[in-house]
Amino acid sequence: MIRFLLRRLVSAAGIVMVVAATVFLLFYALPRDPARAFCGKLCLPENLKLLRHEMGMDLPIWQQFLAWAQGVVAGRDFPGVGRCEAPCFGYSFAKGEWVTETVLDRLPVTVSLSLGGAAVILTVGIGAGMLAAAKRGTWIDSLATSLSNIGGGMQIFFVGPLMVFVLSDTLGLLPRPRYTEFGDNPAKWFVGLLIPWIALSVIFYSNYTRLTRSMLLEQFNEDYVRTARAKGMSRRTTFFRFAWRGAMIPVVTQFGIDLGVLLGGAIVTELTFGLHGLGELVTQAFTNTDLPMLLGITVLSAGAIVLINVVVDALYAVIDPRVRLS
Amino acid sequence: MAEPLLQLTELTKHFPLKRRRVVVHAVDGISLSIGEHESLGLVGESGCGKSTAGRLVARLQEPTSGTVSYRGQDISHWSRRRMRPIRSEIQMIFQDPYASLNPRHTVGTIIGGPMEVNGLRPTERGIKELLEIVGLNPEHYNRFPHEFSGGQRQRIGVARALALKPRLIVADEPVSALDVSIQAQVVNLLQRLRREMGIAFLFIAHDLAVVRHFSQRVAVMYLGKIVEIGDRDSLYERPRHPYTHALLSAVPDPDPDTPRRERIRLAGDVPSPVNPPSGCRFRTRCWKARDRCALEEPPLVRLGGNAEGHLTACHFPEAPTTHGSDVVLDPALS
Amino acid sequence: MIPDPSFLTVRDLYVQFKTEDGVVKAVDGLSFGLDRGRTLGIVGESGSGKSVTSMAVMGLHDPRYSEVSGEVWLDGENLLTATPRRMEALRGRKVAMIFQDSLSSLSPFHTVGSQIGEVLTKHTGASRREARERAIEMLARVGIPQPKLRVDAYPHEFSGGMRQRAMIAMALVCDPELVIADEPTTALDVTVQAQILDLLKALQEETGSAIIMITHDLGVIADVADEVMVMYAGRAIERGTRREVLKAPGHPYTWGLLASMPHLATDPDSPLRPVRGTPPSLLTLPSGCPFHPRCDYADRVPVDLCSTERPDLHPRTGHSSACYLSQTVKDQIRG
Amino acid sequence: MATVVLPETAEPTVTIGLSPGRIAWRRFKRNRTGVFCFFVSATFFIIAATAPLISLAYGKNAHERYGYRLLDASGYPPPPTGGMSPEFWLGIEPGLGRDVFMQLVFGIRTSLAIALIATVGLMLIGITVGIAAGYLGGRTDYWAGRVIDVLLAFPSQLMLIALVPVVDSMLVGPEEATPTWLRFATLCIVLTALGWAGSARILRSQVLSLREREFVEAAKVSGASPARIIFREILPNLWSPIIVLATWQLPILVGVEAGLGFLGVGLGPDVPDWGRMFLEGVQYYHLDFPYLLWPGLAMLIFIVCFNLMGDAIRDALDPKTKGL
């Protein structure tokens with residue numbers, strides 16, 4: 001297990017580095033020059049040159065990348081700005097802030113949004129799926145299935161405003177989405193994020209309902225579930241002790257994918273609800289041609305996605321003893 | 001003696017297992033020959049390497065070492081191009097009548113495929129003739145495999161093998177997936193083809209009774225090795241290897257009155273081919289095993305009292321009869 | 001209605017499945033009985049309804065997709081009308097089942113020991129510890145070496161033969177009075193098959209339970225069965241003791257099965273004599289005797305009886321075959 | 001007498017001579033939800049294809065500012081219907097005063113075109129890579145696998161936004177203005193480039209299992225070339241997963257394309273686009289909810305119906321899933 005995790009972590013780090021390098025290259029393929037943008041409209045050539053040097057842009061690309069990578073691992077000095085300790089993702093000239101600090105500052109918003117959303121998605125999705133499977137063929141099943149079909153057709157930029165319009169503007173049941181630090185006021189934190197969470201779960205839960213339902217029904221046809229029935233196990237026992245575990249494997253896979261999407265793709269969600277998280281930050285970084293910020297967030301998201309994959313693989317082994325981690 | 005049609009010499013196939021630095025000894029140095037028009041049965045329990053041997057002969061796999069000679073030429077490492085002139089002469093019938101036919105092709109396309117590949121123009125008439133030969137309705141030419149039962153599908157597989165007029169057919173468990181009554185139909189069909197068309201067979205099976213019906217010579221495999229080979233009557237009536245005895249005694253017999261020949265109940269299963277036992281590979285389940293069996297590998301030789309061509313690999317062979325033994329090694333039964 | 005005195009009585013059992021192509025009559029009016037300590041062999045080819053029968057006795061058919069009617073009396077109790085709760089109490093305790101494919105029939109997520117032990121916990125309220133002790137004991141009894149280690153292994157770590165032994169241990173842990181073994185040796189090599197059959201016989205001698213042995217292999221029947229029932233297209237076409245059915249079979253289909261099976265005593269150079277044709281589809285059974293399209297002797301029966309009237313087994317026990325051929329004609333044919 | 005094998009007498013009862021594909025089609029036709037949804041989805045595509053004709057019949061186009069006189073001082077149409085009238089069926093756009101119905105019709109046209117082209121593109125790459133990796137195995141498989149891993153690790157929304165200007169600049173010089181058709185091409189390319197990995201991975205595993213099937217071995221024994229095996233034996237068996245994957249991908253891409261428009265990297269303000277309607281709708285919805293509602297409902301109906309049709313196709317192709 002430990003060897004497996006180590007090996008997977010090494011390869012995960014490799015993938016993240018490749019992602020970082022790709023973003024780096026892509027950025028230099030961009031038709032925009034960050035130094036010129038930062039320098040302003042009336043930019044003197046010598047100022048531009050100086051700025052380029054300060055930003056480290058006069059070096060060959062691979063050296064710039066190495067310097068960046070070195071910063072992540074060992075920290076790095078920025079002439080005229082100061083020392084940046086590891087893990088250093090660089091200095092945002094556009095914002096005049098340390099990337100690491102800014103990202104850490106915004107991180108709680110995105111994490112609250114994603115993890116809270118994920119919790120709602122899992123509860124609602126798996127719950128509805130199990131209910132539908134247990135009551136197969138009844139109106140409960142039809143309702144859960146139809147709702148999940150409708151959810152599958154929703155987009156966050158439609159559901160979000162719709163819910164705000166209905167739940168806050170028209171009915172006044174919930175306040176408009178707004179982020180409050182959890183430490184400051186947990187209740188406010190919770191209420192403020194409730195609409196985004198529900199909206200996210202409307203988008204994503206349908207996958208889980210369908211998956212849980214169809215996997216459970218498939219499990220009911222498995223020979224070993226039949227054996228359990230032949231041993232005198234009740235329907236309830238077979239459901240929770242036997243069918244459930246087999247059904248969870250694809251659900252875990254799907255959750256791994258979706259959690260990555262939630263964490264790395266909060267852009268649209270945050271824009272929809274006007275939350276100031278990483279998604280908003282990355283769009284700003286993009287318009288400002290702010291490479292360090294962009295890189296920092298990309299690497300963080302890619303890292304999260306890859307780590308989640310490792311965890312998912314390890315979970316397989318916990319769920320199913322046939323999966324060997326070697 | 002005339003040159004055999006097929007000659008395997010010290011044929012070996014090892015499969016490396018991924019990640020762990022070990023190999024599966026699927027086939028470990030087998031030598032045998034098949035003459036023209038002859039049917040050789042290859043029997044053994046699952047995992048003994050008999051299917052791999054068949055696939056090596058059909059050139060679906062490259063041997064690790066050793067040679068496959070067909071009509072005196074060593075074809076074991078020939079490329080697809082070089083094989084072309086003789087490709088049509090060695091054909092194969094597969095075990096699973098469901099997996100061995102492409103579900104998206106009609107019967108006509110399936111049977112005509114090999115002809116096309118070998119530059120023969122498949123004609124509707126020719127294919128219909130083949131269908132008739134294998135006992136199918138020629139009007140079913142345009143149907144798809146899913147419209148046929150298991151036995152009928154297996155006949156389509158036979159027709160496909162016949163399409164190229166082969167001289168040797170490797171039949172890999174051709175009847176083991178079929179129902180009893182259908183099984184006999186297909187065995188009879190193959191028997192007729194062998195007689196009428198003079199095709200030689202490498203007949204792979206785990207059912208000793210079927211092999212006895214179909215093959216003139218029989219080889220018994222255990223863990224990648226041939227432990228006994230001989231003419232049918234000699235092998236079935238006067239087996240010498242304890243494993244052959246055990247296999248024969250386990251064959252079910254529907255006649256409740258058959259005098260009990262012998263009763264041998266081996267303990268456990270075949271050991272893993274990843275790490276086969278030293279010396280004689282059967283020693284771990286053998287009731288006659290002694291120290292020597294672990295140290296020395298018994299050679300495959302003709303023992304005193306055996307007919308010509310009847311070879312046995314055993315240090316302590318059994319008496320040449322199938323009567324008398326009553327060995328029980330299974331702890332749960334004693 | 002008073003059930004027959006025998007321990008298990010199945011009367012007029014029908015099992016039908018609704019499919020998109022129509023209604024499949026998987027079991028079509030089946031009656032048989034079995035006494036304690038005896039073994040009934042049910043033999044038939046795939047699709048003959050033998051497995052469906054065993055599932056019906058166990059009450060394992062999903063009522064949403066199937067319709068089961070008739071009577072299954074076990075020890076004076078009609079299983080088809082028993083409540084689900086009652087059936088749960090009976091399954092595993094009084095009636096147990098051994099399945100064919102041991103790899104898919106054992107849960108891959110639980111250790112062998114816990115799967116054996118939970119039967120005990122469920123039916124006797126034994127503690128975890130007792131259940132484990134008993135599981136080890138059972139594993140030893142079915143001949144699994146090092147049972148104390150193996151009890152914590154998962155099914156995929158066992159070989160096919162060992163898994164089948166573990167399955168037998170699981171079925172027998174509560175000393176059931178009726179054991180249904182559905183093709184328990186089909187996936188196994190002959191040497192292992194012989195081990196398993198011997199083991200089942202030995203265990204039956206110890207416990208005195210009744211066994212229904214379902215198989216397609218007449219050799220297995222000859223080895224273990226006391227009584228035999230031959231099934232074809234969802235019906236019993238012949239019934240009798242092992243000796244009667246195998247030595248003096250009365251139905252052309254049984255003749256065909258025996259003649260198509262090669263064995264070591266027959267002349268290897270004489271061709272096998274298979275039944276011609278293929279089994280009928282259960283969606284559209286032939287009229288009359290379902291076997292008549294494949295039967296070589298239907299023309300020996302007067303006035304097209306075979307293709308119009310369905311022959312039945314003689315309702316009472318004893319050797320009987322569902323065939324219109326008279327005994328004299330049969331003797332003539334069998335020579 | 002029964003020494004030779006007699007011809008089969010019992011006929012199989014299945015309808016004769018139908019290929020697996022035609023049987024699946026029959027099964028699909030029996031699924032009423034599936035057929036209904038097929039017609040709904042088809043309607044969307046017909047609307048998309050005939051948008052100029054609809055415009056002609058309706059008498060308005062997507063560019064003209066018809067309704068500015070109907071807007072109030074801050075640019076909103078009269079609530080609560082957003083200016084719906086027999087003249088403007090779905091109301092008028094806040095701010096610019098264009099006709100919403102025409103915006104929607106032409107928006108569907110652009111979005112579906114992009115999604116369709118991208119689906120075809122990513123399926124083509126997915127099929128090629130999947131077959132190459134699965135059939136050739138070895139090194140090809142290893143490197144294809146690594147590329148897929150990396151691609152799936154990219155935060156997709158972010159990469160989509162980042163890639164659009166890069167591809168733009170690769171197609172035209174940095175200082176030139178980007179023409180609409182070019183941005184259209186860019187969107188197709190980007191969606192394809194980032195989307196093929198998933199399909200390739202699934203098809204690869206399909207090819208891996210097909211490769212081991214005995215009918216492929218039978219072809220090998222007859223001496224068939226790898227090309228023949230791929231095209232004659234394997235590819236015909238891949239059509240089912242390919243169709244299933246494509247019907248699964250298309251609605252996702254419609255959503256993603258709309259998301260791009262929503263993020264402002266769409267086709268620009270002059271071209272009607274589903275996604276940009278959302279972008280504007282989200283800005284105005286407090287005062288003009290219908291403007292957000294129409295594209296939202298249209299997309300909801302399209303995606304739900306397309307998905308249900310996809311489910312029906314899946315059931316028709318694989319009857320084992322019946323009743324799930």
Side-chain angles (χ1 to χ4, degrees), chain B residues 44-48 148-152 178-188 191-192 206-215 232-233 236 243 246-259 261 263-270 272 285 322 328-334, chain C residues 43-48 140-145 159-162 165 185 187-195 197-199 201-203 216-223 242-243 246-247 253 256-266 268-279 294:
Chain B
E45 292 177 281
S46 48
C48 71
F148 295 89
S149 67
Q152 292 169 318
L178 305 176
D179 268 321
V180 195
S181 67
I182 309 298
Q183 196 172 339
Q185 294 175 357
V186 174
V187 170
N188 281 357
Q191 189 77 277
R192 204 186 77 211
H206 65 266
D207 186 336
L208 276 88
V210 172
V211 170
R212 180 167 166 271
H213 246 274
F214 190 74
S215 297
R232 179 183 66 195
D233 294 340
Y236 279 82
Y243 181 60
L247 275 183
L248 284 171
S249 85
V251 172
D253 188 335
D255 187 346
D257 286 344
T258 308
R261 298 143 73 92
R263 176 167 169 270
I264 301 168
R265 295 294 181 255
L266 298 177
D269 311 282
V270 186
S272 155
R285 295 169 82 195
T322 56
V328 174
L329 295 166
D330 199 327
L333 304 176
S334 45
Chain C
V43 67
E45 295 181 284
S46 42
S48 61
R141 205 165 133 205
V142 296
I144 287 180
S159 71
M162 294 232 289
R165 283 168 193 260
T185 59
L188 304 174
D189 280 314
V190 271
T191 56
V192 184
Q193 162 166 313
Q195 294 169 9
L197 293 180
D198 285 353
L199 174 66
K201 278 192 282 188
L203 290 171
H216 65 272
D217 190 338
L218 289 167
V220 172
I221 292 288
D223 202 357
R242 163 175 62 173
R243 172 162 291 275
L246 294 178
K247 292 301 278 186
Y253 176 63
L257 279 186
L258 281 165
S260 50
M261 190 188 166
H263 49 102
L264 296 179
T266 48
D269 291 317
S270 72
L272 302 167
R273 300 185 29 170
V275 189
R276 64 185 159 89
T278 44
R294 301 175 73 190

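Note that the structure is a prediction, hence the values are computed from the model and not measured. Naming: A, B, ... by sequence-line order, numbering from 1 per chain.
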**Asked** In terms of heavy-atom proximity below 4.5 Å to chain B, should C/Val275 be classed as side chain, backbone, both, or neither?
**Response** both
**Item:** Among B/Gln191, B/His213, B/Arg232, the one residue meeting side-chain hydrogen bond (donor to acceptor under 3.5 Å, both in side chains) with C/Asp269
**Value:** B/Arg232
**Message:** Under a 4.5 Å cutoff for heavy-atom pairs, which residue among B/Ser46, B/Ser249, B/Gly150 has the most contacts with chain C?
**Reply:** B/Ser46
**Message:** I'd like to know which of B/Val187, B/Asp207, B/Asp233, B/Asp255 tops the heavy-atom pair count under 4.5 Å against chain C.
**Reply:** B/Asp255
**Asked** Under a 4.5 Å cut-off applied to non-hydrogen side-chain atoms, are C/Leu197 and C/Val220 in contact?
**Response** yes
**Asked** By a 4.5 Å heavy-atom criterion (distance strictly below it), what part of C/Leu258 contacts chain B: side chain, backbone, both, or neither?
**Response** side chain
**Prompt:** Which bit of C/Gln193 is near chain B, if near means a heavy-atom gap under 4.5 Å: side chain, backbone, both or neither?
**Reply:** side chain
**Fill in**
Applying a strict 4.5 Å limit to non-hydrogen atoms, the region of B/Val180 in contact with chain C is both
**Prompt:** Looking at C/Met162, C/His216, C/Glu45, which one has more heavy-atom pairs under 4.5 Å with chain B than the rest?
**Reply:** C/Glu45
**Prompt:** Less than 4.5 Å apart, any side-chain heavy atom of C/Thr266 and any of C/Met261?
**Reply:** no
**Request:** Quickly, which of C/Ser48, C/Ser46, C/Ser260 forms a side chain to side chain contact (heavy atoms under 4.5 Å, CB included) with B/Asp179? Name it, please.
**Result:** C/Ser46
**B/Glu45 versus chain C, the contacting section by heavy-atom distance below 4.5 Å** = both
**Prompt:** Between the side chains of C/Thr278 and B/Gln152, is a donor N or O closer than 3.5 angstrom to an acceptor N or O?
**Reply:** no
